[in-house]
Amino acid sequence: MTKTTGVAREGLRTGLRRRHMTMLAIGGAVGAGLFVGSGSVIKTAGPAAVVSYAFAGVMVLCVLRALGEMVVARPVAGSLAEYSRMALGPFAGFVVGWLYWYLYVVLVAAEATAGSAILAQWIDLPPWVLSAGLMVVMTVVNLISVRSFGEFEFWFASIKVVAIVVFLLFGVLYILGWWPNGHAGLGNLTAHGGFVPNGMSGVLSAIVTVIFAFGGTEIVTLAAAESAEPGKAVARATSNVLWRVGLFYVASIFLVVAILPWNDAKVLTSPFVSALNEMRVPGAGTIMQVVILTAVLSVLNSAIYVSSRMLYVLTRDGDAPSALVKVTRRGVPARAVLLGTVAAWFAVLASYVSPDRVFSFLVNSIGVLLAFMYLAIMFSQLRLRSRLRRENPTTLTYRMWGYPYLSWLVIGVLVTVLISEAFMSSLRPQLIASTVSLLIVAAVYPLRARFGRTPPVREVHVLEHAERPATE
């Protein structure tokens with residue numbers, strides 16, 4: 001029998017099963033950015049974009065390992081904010097929690113806008129109507145139950161996985177010469193200026209961009225509080241990130257630059273569609289549009305879920321109005337879900353009323369927030385490791401590698417990435433806007449300290465699940 005305390009006992013339900021958690025981790029790692037945004041990375045680094053993706057993937061894997069250590073030792077709802085609060089104090093918990101909520105609210109708007117642009121090719125309705133329709137559908141899914149969210153994410157992620165696996169299969173057959181009219185060999189990797197045509201500066205510049213492409217992989221740790229096996233689910237998911245990154249990102253990008261010259265204009269616009277067209281796959285454009293729409297809906301679904309759970313935890317900590325803590329009979333924080341959707345809807349309106357100013361600032365303002373989140377995770381892990389070891393060393397069954405040296409190395413790389421953005425004209429607006437977001441949230445904290453309410457006893461947030469096999 002599962003024993004729960006704190007959040008689960010007072011509202012949230014453990015409705016996510018093992019297969020949900022597995023596909024949630026995969027879905028978090030694979031977004032529309034892989035299918036579309038990878039073109040700009042290839043343009044910057046050339047065929048060496050493979051190296052950029054591999055290095056960035058290893059960095060994110062280390063961050064997830066550090067976060068996984070804390071989650072397995074002390075599973076809590078709203079893990080990112082809660083661990084910052086435990087390790088660095090209430091100010092850090094407040095800032096991290098609200099920034100993370102803000103990030104995903106803006107992401108809801110951005111994905112709804114992107115989805116409407118795809119649907120507009122098939123449905124003759126105003127874009128804002130299509131955006132609203134997508135948000136309403138995904139909001140309803142999240143309001144039904146956490147199991148409903150998990151099921152939709154499971155199937156969305158499954159479609160993405162199948163699409164990538166099929167692409168990898170076709171691509172391997174093509175470069176081996178086993179594809180009809182295929183061209184064997186890897187000549188495109190070196191034929192157009194070499195493997196590193198833009199030098200190491202291009203590879204490093206691409207890393208700065210790519211490291212944020214893996215945003216969303218941490219969602220599985222946030223969802224652990226509503227899974228039947230929080231510790232095992234997180235350990236399993238974070239341990240498997242490496243092969244997912246290698247298979248889905250590195251291998252697929254490798255095939256793209258092997259099939260097409262990296263400096264082909266078609267690679268920049270739509271690398272996967274262009275590669276499939278080169279292989280003469282019928283209906284490649286339409287197929288990839290459907291896959292990209294699925295990826296957009298997957299991120300939209302996850303973003304609504306994440307924003308609501310983070311707001312729920314902020315409420316529990318006394319950092320948000322207490323009315324938002326109320327949950328439905330199915331254990332869904334409905335008010336938190338709706339508030340996030342309403343806030344995102346204002347951002348959607350901004351995308352049509354003021355796309356070049358307001359919406360552009362909103363999108364830029366979340367550009368490097370993940371770097372701030374990753375830094376908070378690493379500093380929290382450094383502080384909590386020694387505390388957990390003193391309190392109960394038996395809980396440290398899943399540990400960060402090379403502690404504390406690798407943790408400090410990751411912090412150094414993240415700081416270097418942020419400094420690098422200050423010197424890159426294309427990314428500098430993101431750094432400035434995201435820093436402004438950070439300063440605004442930090443400036444609000446004194447008001448919370450003065451007028452906010454006292455949160456419940458700290459231990460109430462910890463979930464003590466008796467691990468048991470999940471029933472599928």
Side-chain angles (χ1 to χ4, degrees), residues 11-13 15-16 20 23-24 27-28 31-32 77-78 97-98 100-120 123 125-157 159-160 215-216 219 222-223 225-226 292-315 320-321 323-352 359 362-363 366:
L12 297 184
R13 305 290 177 82
L16 296 177
H20 296 145
M23 298 307 284
L24 182 60
W98 276 110
Y100 199 66
W101 177 81
Y102 172 71
L103 187 161
Y104 275 93
V105 165
V106 175
L107 191 58
V108 169
E111 296 299 324
T113 303
S116 69
I118 297 174
L119 287 177
I123 302 175
L125 286 175
W128 68 269
V129 174
L130 297 174
S131 295
L134 292 177
M135 290 176 62
V136 168
V137 171
M138 290 297 99
T139 298
V140 171
V141 168
N142 277 267
L143 286 174
I144 294 173
S145 68
V146 68
R147 182 68 178 270
S148 173
F149 156 76
E151 284 294 328
F152 270 78
E153 194 57 30
F154 174 82
W155 292 108
F156 284 152
I159 292 173
K160 290 187 285 187
I219 292 176
L222 190 75
E226 294 177 84
I292 293 170
L293 178 61
T294 301
V296 166
L297 293 177
S298 173
V299 176
L300 179 58
N301 186 41
S302 296
I304 293 174
Y305 170 82
V306 171
S307 65
S308 65
R309 272 29 176 207
M310 186 55 69
L311 186 56
Y312 176 83
V313 171
L314 285 168
T315 302
L324 296 175
V325 80
K326 185 176 178 60
V327 300
T328 66
R329 289 182 297 176
R330 293 177 174 267
V332 177
R335 296 178 181 179
V337 171
L338 292 173
L339 180 61
T341 303
V342 170
W345 176 239
F346 282 108
V348 169
L349 290 178
S351 71
Y352 297 107
F359 191 68
L362 290 175
V363 173
I366 66 172

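Predicted model, so just to flag it, every value in this text is computed and none were measured.
Looking only at side-chain heavy atoms (C-beta outward), Ile144 and Val332 stay at 4.5 Å or farther from each other. When side chains are defined from C-beta on, Leu107 does not count as touching Val306, because their heavy atoms never get closer than 4.5 Å. Within the 4.5 Å cutoff, the side chain of Tyr104 has heavy atoms near those of the Ile219 side chain. Taking the side chain as every heavy atom from C-beta outward, Leu130 and Leu125 approach each other to under 4.5 Å. Side chains of Val327 and Tyr312 form a contact here, defined as non-hydrogen atoms less than 4.5 Å apart.
With values rounded to the nearest 0.5 angstrom, Leu293 atom CG is found 10.5 Å from Ser116 atom OG. Rounded to the nearest 0.5 Å, atoms CZ (Phe156) and OG1 (Thr294) are 7.0 Å apart.
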Exercise for the section: Apply side-chain contact (heavy atoms from CB on, under 4.5 Å) to Phe149 and Ser302, showing your working. Expected result: CA-CA 8 Å; Phe149 156 76; Ser302 296; 4.2 Å; yes

Handout entry: Stepwise side-chain contact (heavy atoms from CB on, under 4.5 Å) check, Val105 with Tyr100
Key = CA-CA 9 Å; Val105 165; Tyr100 199 66; over 6 Å; no

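Between the side chains of Ser298 and Lys160, at least one donor N or O lies within less than 3.5 Å of an accepting N or O. Between the side chains of Tyr352 and Thr113, no donor-acceptor pair is found at a separation under 3.5 Å.
Evaluated for a side-chain contact (heavy atoms from CB on, under 4.5 Å) with Met138, the options Val299, Leu143, Ile304, Val108 yield exactly one hit, Ile304.
The number of heavy atoms from other shown groups lying within 6.0 Å of CZ (Phe152) does not exceed 12.
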For residues 341-349, which side-chain donor-acceptor pairs fall under 3.5 Å, sequence neighbours excluded?
from	atom 1	to	atom 2	distance (Å)
Thr341	OG1	Thr139	OG1	3.2
Thr341	OG1	Val337	O	3.0

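Looking at Arg335, its side chain never comes within 3.5 Å of a backbone N or O of Lys326 through a donor-acceptor pair.
Across Met310 and Gly97, no two heavy atoms sit closer than the pair CG-O, 3.2 Å.
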